[in-house]
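Here the structure comes first, spelled out in structure tokens, and everything after it is commentary.
Each chain gets a letter, A, B and so on, in the order its sequence line appears, and its residues count up from 1. Heavy-atom basis, side chains included; hydrogens, waters and symmetry copies ignored.
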Amino acid sequence: MARGEDPGIVDAILAADERRRSSLGEFESLRAQQKAVSKDVGAAMGAFQQAKAAGGADAGRLEAAAHAARARAAHLSERVKGLESVADEAAAELGDLLRRVGNVIIEGVPAGGEDDYVVLDTVGMPRDFTAEGFAPRDHLELGELLGAIDMERGAKVGGARFYFLTGVGAMLELALLNLAMAQATAAGFTPMITPTLVRPEIIIGAGFMDAHSDEVYHLEADDLYLAGTSEVPLAGYHADEIIDLTAGPRRYAGWSACYRREAGSHGKDTRGIIRVHQFHKVEMFSYCRPEDAEAEHERLLAWEREMLAKVEVPYQIIDTAAGDLGGAAARKFDCEAWVPTQGKYRELTSTSNCTTYQARRLGVRERDPSGSGTRTVATLNGTLGTTRWIVAILENHQQPDGSVRVPAALVPFLGREVLTPIS
RNA sequence: GGAGGCGUCGCAUAGUGGCCUAGUGCGCCCGCCUGCUAAGCGGGUUGAGGAUAACACCUCUCGCGGGUUCAAAUCCCGCCGCCUCCGCCA
């Protein structure tokens, strides 16, 4: 409802489920009969064969009995097939309807669309470049001055929205992502380098083929999809498994290239590396118990804040409105960094609580702690670093001469304190 | 890319169309026995769905999906994965 979806689908689902159950019941009881009769055929055939081998006088009678039983079984078999296809159709119909329903929004998520987010916190102050007496350069101009970004050759090689990170640019990205991996590992995450090509059932299960399907590259010859985030392979990592969460959440830090078609965003963010077809990302991914999910979401957000503090950029945290959530998310917090030359905050991280949505579709379960059987777990994800962070780092830490101060936490990973323009 | 082999319960293995409910061993769980431990004895031990107040019970599940048959772990077709050999190659 909060997403603005049609509530009528619920009635359709209930009706479809009713049809499935009744047709399944009919099929199963007749199937049980058929099995029993069919088993008699086997026994009758065996008796006949034995009598025949022994030259018994009643061989003829037994043969007739066996054939009679077989005829009855054949008749039942026809009817069973009919009922089975009815039951299968009913189940497929229900499945289709269920897949169309987005995740249930968590209480307290702001209603509305893209612009109806609520700012939860603002951290740090944007620099006053007027007071400092110079006009800030944008990240691309800085990147070119520093010999860090080459958009022109990126376009020559890969087309629009492709780029080369060169020299210190390449090193800066590696330093940033290594810092993110180091933080995650220290926090107990298992480091992962993931496949970036995934099978259809994985990307469908992760929920990326509903609202985001235009965003996904598809390799037709192999029927594989290029993941837009390592959330996809990490969600699939435990697919169809029963995992043990008794010792707490399972946390993975995935490092991967990410691919996005950016269809429908023509003309938007065309300058620089804000919005590109390929970038790199360190992603946190957590499997936890459903009742722990909201607390885990807060933890992921806290780790994002820790990482943003390390790169020393001003940012705000927003609680994304219901209508702007993907199909999988029940709640989403974005951290947006201040971009001086745009005079606004731009998304650097995004953490979603997908509750049981992805795990249900991918078959990730745990032993039910309150008794017998299994139950679906919850999954959550959050960003720890991406190529886009370079934008915020360059612009916020630039100096009048075009050089850029390296945040202290990055210095050990980059091996220098200042990036200076190449001659 | 070519040729061949393989995929059975948590693990290992038996099972080439029916004749008990997929047998056996290991592991694990429960119980018994023993002064303790080990051993021994008995029972249990995939998952999904239906049904039920809860049981009982029923259906499906031998990599996955189709097919043949009254009947499929077993036969046929497609796919996925693993192994061996050959070819090609960063």
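Nucleotide B:U24 forms a Watson-Crick or G-U wobble pair with B:A12, both donor-acceptor distances falling under 3.5 Å. Both distances falling under 3.5 Å, in either a Watson-Crick or a G-U wobble arrangement, place B:A48 opposite B:U59. Both distances falling under 3.5 Å, in either a Watson-Crick or a G-U wobble arrangement, occur for no nucleotide opposite B:U37. Within the shown strands, nothing qualifies as a pairing partner of B:C19 under the Watson-Crick or G-U definition with both distances less than 3.5 Å. Nucleotide B:A53 forms no Watson-Crick or G-U wobble pair with any nucleotide shown, as no partner meets the under 3.5 Å limit on both distances. Under the Watson-Crick or G-U wobble criterion, with both distances below 3.5 Å, B:G4 is paired with B:C83.
One finds a side-chain N or O of A:Arg367 lying less than 4.0 angstrom from the OP1 or OP2 phosphate oxygen of B:G47. Of the side-chain N and O atoms in A:Arg31, none sit less than 4.0 angstrom from OP1 or OP2 of B:C58.
Here the P atom of nucleotide B:C79 and the CD atom of A:Glu201 are 16 Å apart, to the nearest Å. Summarising the geometry, the separation between CG on A:Leu30 and P on B:C60 is reported as 12 Å, rounded to the nearest angstrom. For the pair A:Gln34 CD and B:C70 P, the interatomic distance rounds to 10 Å; values are reported in whole Å. Nucleotide B:C58 holds its P atom 11 Å from the CD atom of A:Glu28, rounded to whole Å. Taking atom CG of A:Leu224 as the reference point, atom C1' of B:C79 lies 14 Å away to the nearest angstrom. Distance, A:Asp240 CG to B:G81 C1': 14 Å, rounded to whole Å. Counting to the nearest Å, the C1' atom of B:A48 and the CZ atom of A:Arg360 are 16 Å from each other. When rounded to the nearest whole Å, the span between CD1 of A:Ile242 and P of B:C9 equals 14 Å.
The separation of B:G47 from B:C64, taken at their C1' atoms, amounts to 15 Å, rounded to a whole angstrom. Distance noted for atom C1' between B:C75 and B:G18: 15 Å (whole Å). With both ends at atom C1', the span from B:G15 to B:G23 equals 8 Å, rounded to whole Å. A gap of 23 Å separates the C1' atoms of B:U52 and B:U46, to the nearest Å. Separating the C1' atom of B:U21 from that of B:C62 is a span of 15 Å, rounded to the nearest Å. B:G10 and B:G5: their C1' atoms are spaced 26 Å apart (whole Å). Taking atom P in both B:A22 and B:A72, the straight-line distance is 14 Å, to the nearest Å. If you take atom C1' in B:C57 and the same atom in B:G40, they sit 36 Å apart, rounded to whole Å.
In this structure, the nucleotide among B:C80, B:U59, B:G50 sitting nearest to the side chain of A:Arg199 is B:C80. Side-chain proximity of A:Phe27 to the nucleotides B:A71, B:G47, B:U59 is greatest for B:U59. Of the candidates B:C60, B:G49, B:G47, the closest approach to any side-chain atom of A:Arg365 belongs to B:G47. Set against B:A71, B:U46, B:G50, the side chain of A:Leu24 has B:G50 as its closest nucleotide. For A:Thr374, whose side chain is taken as the heavy atoms from C-beta onward, the closest listed nucleotide among B:G47, B:A71, B:A51 is B:G47.
In summary, A:Glu395 and A:Arg137 do not engage in a salt bridge, as defined by a charged side-chain N under 4.0 Å from a carboxylate O. A:Glu262 has no carboxylate O lying under 4.0 Å from a charged side-chain N of A:Arg260, or vice versa, which leaves the two without a salt bridge. Between A:Glu28 and A:Arg31 no salt bridge is recorded (no basic side-chain N to carboxylate O distance below 4.0 Å). The pair A:Arg261-A:Asp214 does not meet the salt-bridge criterion, since no charged nitrogen lies less than 4.0 angstrom from a carboxylate oxygen.
Using a 4.5 Å heavy-atom threshold, the side chains of A:Val86 and A:Phe27 count as separate.
No side-chain donor-acceptor contact under 3.5 Å links A:Tyr163 and A:His277.
Closest approach of A:Gly236 and A:Tyr287 over heavy atoms only: N-OH, 4.4 Å.
Annotation: of the two residues near RNA chain B, A:Gln33 and A:Arg375, the 5′-most nearest-nucleotide partner is A:Arg375.
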